[in-house]
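Just below is one structure, and these are the notes that go with it.
In the text below, chain A, chain B and the rest are named by the order of the sequence lines, each starting its count at 1. Both backbone and side-chain heavy atoms feed into the values below; hydrogens, waters and symmetry mates do not.
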4 protein chains.
Amino acid sequence: MSEKREEWLKDLLRLVDEGDQKKTEKQAKILEAAVEIFSEKGYSATSTSEIAQKAGVAEGTIFRHYKTKKDLLLAIAGPIAVKLVAPFLLNDFVKVIDSPYDRPKDFFRAIAKDRIAFARSNIKLIKILFNEVPFQPELLEQVKNLMTNIVVKRIENALQHFQQQGFIVEAPPWRIMRSASSMLIGMIVFHVFLRPDFPFDEDEEIERTLDLLFYGIAGRSEENAEE
Amino acid sequence: MSEKREEWLKDLLRLVDEGDQKKTEKQAKILEAAVEIFSEKGYSATSTSEIAQKAGVAEGTIFRHYKTKKDLLLAIAGPIAVKLVAPFLLNDFVKVIDSPYDRPKDFFRAIAKDRIAFARSNIKLIKILFNEVPFQPELLEQVKNLMTNIVVKRIENALQHFQQQGFIVEAPPWRIMRSASSMLIGMIVFHVFLRPDFPFDEDEEIERTLDLLFYGIAGRSEENAEE
Amino acid sequence: MSEKREEWLKDLLRLVDEGDQKKTEKQAKILEAAVEIFSEKGYSATSTSEIAQKAGVAEGTIFRHYKTKKDLLLAIAGPIAVKLVAPFLLNDFVKVIDSPYDRPKDFFRAIAKDRIAFARSNIKLIKILFNEVPFQPELLEQVKNLMTNIVVKRIENALQHFQQQGFIVEAPPWRIMRSASSMLIGMIVFHVFLRPDFPFDEDEEIERTLDLLFYGIAGRSEENAEE
Amino acid sequence: MSEKREEWLKDLLRLVDEGDQKKTEKQAKILEAAVEIFSEKGYSATSTSEIAQKAGVAEGTIFRHYKTKKDLLLAIAGPIAVKLVAPFLLNDFVKVIDSPYDRPKDFFRAIAKDRIAFARSNIKLIKILFNEVPFQPELLEQVKNLMTNIVVKRIENALQHFQQQGFIVEAPPWRIMRSASSMLIGMIVFHVFLRPDFPFDEDEEIERTLDLLFYGIAGRSEENAEE
DNA sequence: TATGAATGAGCGTTCATTCAT
DNA sequence: AATGAATGAACGCTCATTCAT
């Protein structure tokens with residue numbers, strides 16, 4: 001089940017790679033400062049002079065590396081969008097169906113742990129991405145592409161695989177996906193973004209949340225009553 | 001179980017009431033225009049002259065009614081924050097515990113239907129609220145207050161009530177709340193904001209989503225295997 | 001021989017009229033300052049802040065009245081282009097053919113005196129016009145239109161009229177026009193723009209220059225030799 | 001009647017010679033690009049980065065050869081000013097008085113043909129020169145010097161010589177010079193700069209224009225009437 | 001109450017020029 | 001000799017806000 005990589009995806013990946021490598025010292029400082037302030041005040045409310053000051057460079061230097069302020073934003077938000085869905089881009093992601101995750105819980109657990117870790121080390125970048133996606137058509141387009149063509153497709157495949165084996169309830173895959181995603185994303189949003197100080201044992205929390213996802217919140221009375 | 005209303009809450013409610021009533025025609029047009037543009041381009045990227053133009057008033061008129069641009073934003077985003085949690089503010093919300101919702105499903109179903117309807121008629125306002133909450137300390141504070149002191153408290157009460165009756169699984173209420181909220185919010189976000197054109201039967205969708213919430217996504221094999 | 005006025009001409013004339021009338025005090029000061037500095041340093045080398053300073057207004061005020069710096073230039077250079085050819089725009093200019101100027105010399109003398117006076121009272125504006133025409137396509141177009149459709153046409157008519165009466169040598173009208181224009185323009189350029197301090201009696205100078213134009217610079221020997 | 005060469009003239013000539021010779025390949029490309037863009041958009045509206053790009057060199061390279069942007073302009077406009085009056089600089093220009101041009105028409109014809117040819121091969125440079133002379137004091141000074149001390153002086157000499165022989169009408173030489181120059185310059189401006197596509201036979205045109213210059217535009221009726 | 005001209009600080013961007021390589 | 005990254009002043013222009021009418 002080899003997936004043909006489309007052009008736009010290749011371009012994206014190349015962009016990400018390039019961005020990760022060739023960076024002058026000044027460029028790195030500019031990015032660092034921009035991330036900091038963009039995430040604090042939002043893109044539109046951030047001035048390039050503020051970025052320059054925080055980065056310790058002249059304002060003109062910013063525009064030598066990024067033709068416009070928006071270019072600077074996209075240089076930050078574009079790659080993070082790709083990295084956000086990186087696990088699903090892996091060619092061998094599909095192997096999930098053949099073997100590595102015997103059970104759907106293993107599958108969700110793996111994704112959850114990986115993405116929580118990722119979110120934790122990229123809090124500011126993810127904030128920027130989500131704050132700006134509604135207002136930057138290029139970003140929106142890119143995110144839509146990634147989601148529709150990569151993530152949704154692959155998860156759907158996995159779910160159908162699990163359904164065939166009877167591991168997952170019979171229901172439209174998109175609803176299961178939506179519900180499962182919501183629960184995991186909700187967990188991340190709460191523990192990483194809203195209440196990073198709320199004390200909890202991550203592994204334990206993932207386990208208990210998966211329990212709720214898999215077996216529901218109904219108590220014994222409810223179960224007997226309805227089923 | 002009467003709840004003492006704090007000062008800040010009284011202030012908020014008065015604000016909302018006032019906002020809903022005394023509005024000159026011009027003021028209404030200004031708000032309408034501001035909502036439109038704020039939701040499209042974001043608060044910071046919107047200029048007061050643009051609002052004035054769209055509202056068909058002079059620029060000075062805006063500042064006669066709202067001392068600053070931020071005041072205008074807060075006049076929009078503040079009330080919507082309150083209305084967003086309005087059901088939980090009702091004095092008789094607590095009655096849920098005494099009688100009206102025999103079962104938790106009825107409880108969640110009622111909230112879901114009501115809030116979906118609300119979201120649908122306030123898409124732009126809610127967008128504005130969520131876009132700006134991270135950057136406006138006053139908004140953030142207000143939302144935090146509402147959430148922590150009203151919503152969380154009352155839902156927690158309800159959940160504990162249901163747990164006592166055995167209708168809901170024994171688990172920390174905050175985790176159940178987080179999971180349930182995530183699933184319902186995820187449904188709203190998806191069907192109202194992300195894919196409003198995605199065809200679905202609302203009542204049916206709510207029912208099936210509640211099923212997943214209550215009984216989980218595990219299929220028969222999985223159930224047997226683990227439990 | 002009534003001439004139908006084209007649309008663009010109407011527009012131009014309206015523009016000039018408007019420009020001459022409704023001007024706030026600030027607007028007048030801005031124009032005055034702009035004319036001064038544009039003529040001294042050229043349009044591109046002039047900064048809007050300099051204009052604002054000289055006009056005694058805030059920089060923003062300039063942009064309330066003229067959307068861009070180029071608009072400001074065109075508000076100055078456009079009308080002067082029209083006024084420069086104003087005499088030829090008069091409907092009764094054509095009467096020249098019926099009676100008022102019995103002889104071509106009277107015709108050229110009238111034009112010369114009028115345009116010298118005009119040049120003298122609009123030195124700076126004319127400088128700006130001619131400095132910027134090569135670089136502003138809109139101006140170039142406008143000047144071309146005025147020249148080709150109005151000035152050239154009408155002078156040609158007059159010349160042909162004079163030729164029919166034997167007052168002017170038989171030669172292609174455009175060559176006569178070019179030569180006559182050159183001589184008069186040369187006179188204006190020299191005495192008004194290049195050496196405004198060079199002492200001369202204007203009426204006398206015009207008369208003597210017309211003599212050269214009409215009877216040539218050849219001395220008696222040359223005349224005998226060739227003719 | 002040998003003319004003592006002043007210092008400034010020596011300097012100029014040396015500058016021109018140097019300019020024509022020692023030029024690295026890059027330098028030549030820079031000049032070429034600068035001429036192109038200066039003539040298109042004007043000096044002030046041209047950026048050094050644009051020149052560098054068009055010349056295919058680094059921006060720094062320009063400043064290695066020309067200390068400032070203005071130096072670059074002067075390196076272009078200075079020499080062309082000198083070349084523009086070059087014929088009058090020739091030591092043997094004065095021979096005109098002794099013999100080579102028996103008649104003034106030959107004299108003017110020679111100058112006209114030569115300068116038309118020159119203008120044609122230096123259109124852009126001449127445009128630059130005349131566009132910038134009003135704004136660059138150094139250029140203005142240089143052109144004034146050349147004109148007053150060389151061109152005017154020598155033509156005046158020639159004219160007086162022709163007047164003594166009765167070939168040219170008795171009138172202040174400056175007026176004859178102004179009129180003759182205007183006519184020839186008018187011809188060049190029209191046929192070379194304004195309407196280079198206007199079809200005409202150059203030799204014929206020069207001849208006919210000289211006729212107008214020498215014998216005037218008056219027809220037979222006018223001649224009889226006035227003289 | 002409503003206006004819109006006026007403000008001047010601040011915006012994103014470009015500029016001519018420098019200098020380490 | 002040639003580069004191009006870096007500079008910071010200056011650019012044209014927009015901004016939220018004020019105020020006389």
Side-chain angles (χ1 to χ4, degrees), chain A residues 24-27 29-30 43-53 55-72, chain B residues 24-27 29-30 43-53 55-73, chain C residues 24-27 29-30 43-53 55-72, chain D residues 24-27 29-30 44-53 55-72:
Chain A
T24 71
E25 185 206 352
K26 302 255 172 193
Q27 210 169 346
K29 280 192 169 178
I30 290 169
Y43 166 75
S44 279
T46 300
S47 77
T48 49
S49 80
E50 208 177 348
I51 297 172
Q53 201 174 11
V57 303
E59 208 170 344
T61 307
I62 292 178
F63 292 93
R64 170 159 301 279
H65 293 289
Y66 305 94
K67 241 175 18 173
T68 65
K69 189 186 164 196
K70 183 165 290 179
D71 272 7
L72 175 55
Chain B
T24 72
E25 188 205 352
K26 301 255 173 195
Q27 213 169 342
K29 280 194 170 176
I30 290 169
Y43 165 76
S44 278
T46 299
S47 76
T48 49
S49 80
E50 208 177 350
I51 296 172
Q53 199 175 12
V57 304
E59 223 177 326
T61 308
I62 292 178
F63 291 91
R64 181 152 301 281
H65 293 289
Y66 306 94
K67 234 171 31 154
T68 66
K69 188 186 164 195
K70 185 164 288 179
D71 274 5
L72 175 55
L73 170 64
Chain C
T24 72
E25 186 207 353
K26 302 255 173 196
Q27 211 169 343
K29 279 193 171 177
I30 290 169
Y43 166 76
S44 279
T46 300
S47 77
T48 50
S49 81
E50 207 177 350
I51 296 173
Q53 200 173 11
V57 303
E59 206 170 346
T61 307
I62 293 178
F63 292 94
R64 170 159 301 280
H65 294 289
Y66 306 94
K67 247 177 11 178
T68 65
K69 189 187 164 195
K70 184 165 289 180
D71 273 6
L72 175 55
Chain D
T24 72
E25 188 204 354
K26 301 255 174 196
Q27 211 169 344
K29 279 194 170 175
I30 290 170
S44 277
T46 300
S47 74
T48 49
S49 80
E50 208 177 350
I51 296 171
Q53 198 174 14
V57 305
E59 224 178 324
T61 308
I62 292 179
F63 290 90
R64 178 152 304 281
H65 293 289
Y66 306 94
K67 231 169 34 154
T68 67
K69 190 186 165 196
K70 184 164 289 179
D71 274 5
L72 175 56

>> So does B/Leu73 get a backbone contact from the side chain of B/Tyr66, meaning a donor-acceptor N/O pair under 3.5 Å?
In response: no
Measure from the side-chain heavy atoms of [X] and tell me the nearest of [options].
{"X": "A/Arg64", "options": "F/dT3, F/dA6, F/dC11", "result": "F/dA6"}
{"X": "B/Phe63", "options": "F/dA6, F/dT18, F/dA2", "result": "F/dT18"}
{"X": "A/Thr61", "options": "F/dT7, F/dA2, E/dT7", "result": "F/dT7"}

Taking only N and O in the side chain of [X], is any of them less than 4.0 Å away from OP1 or OP2 of [N]?
{"X": "B/His65", "N": "E/dT1", "value": "no"}
{"X": "D/Ser47", "N": "E/dT14", "value": "no"}
{"X": "C/Lys26", "N": "E/dT7", "value": "yes"}
{"X": "C/Lys69", "N": "F/dC11", "value": "no"}
{"X": "B/Thr48", "N": "F/dA16", "value": "yes"}

>> Go nucleotide by nucleotide along DNA chain E from the 5' end; which of C/Ile62 and D/Lys70 gets its closest nucleotide reached first?
In response: C/Ile62
> If you pin C/Glu59 and A/Glu59 to their nearest nucleotides in DNA chain E, which one's is more 5'?
Replying inline: C/Glu59
>> With a 3.5 Å limit on both atom pairs, tell me what F/dA1 is paired to, counting Watson-Crick and G-U wobble, or say none.
In response: none
> If we call it a pair only when both distances are under 3.5 Å in a Watson-Crick or G-U wobble match, what pairs with F/dT14?
Replying inline: E/dA9
>> Mind checking if D/Thr46 touches a base, just sugar-phosphate, or nothing, with heavy atoms under 4.0 Å?
In response: sugar-phosphate
>> How close do D/Ala52 and D/Glu59 get, counting heavy atoms only, and between which atoms?
In response: CB-CA, 3.8 Å
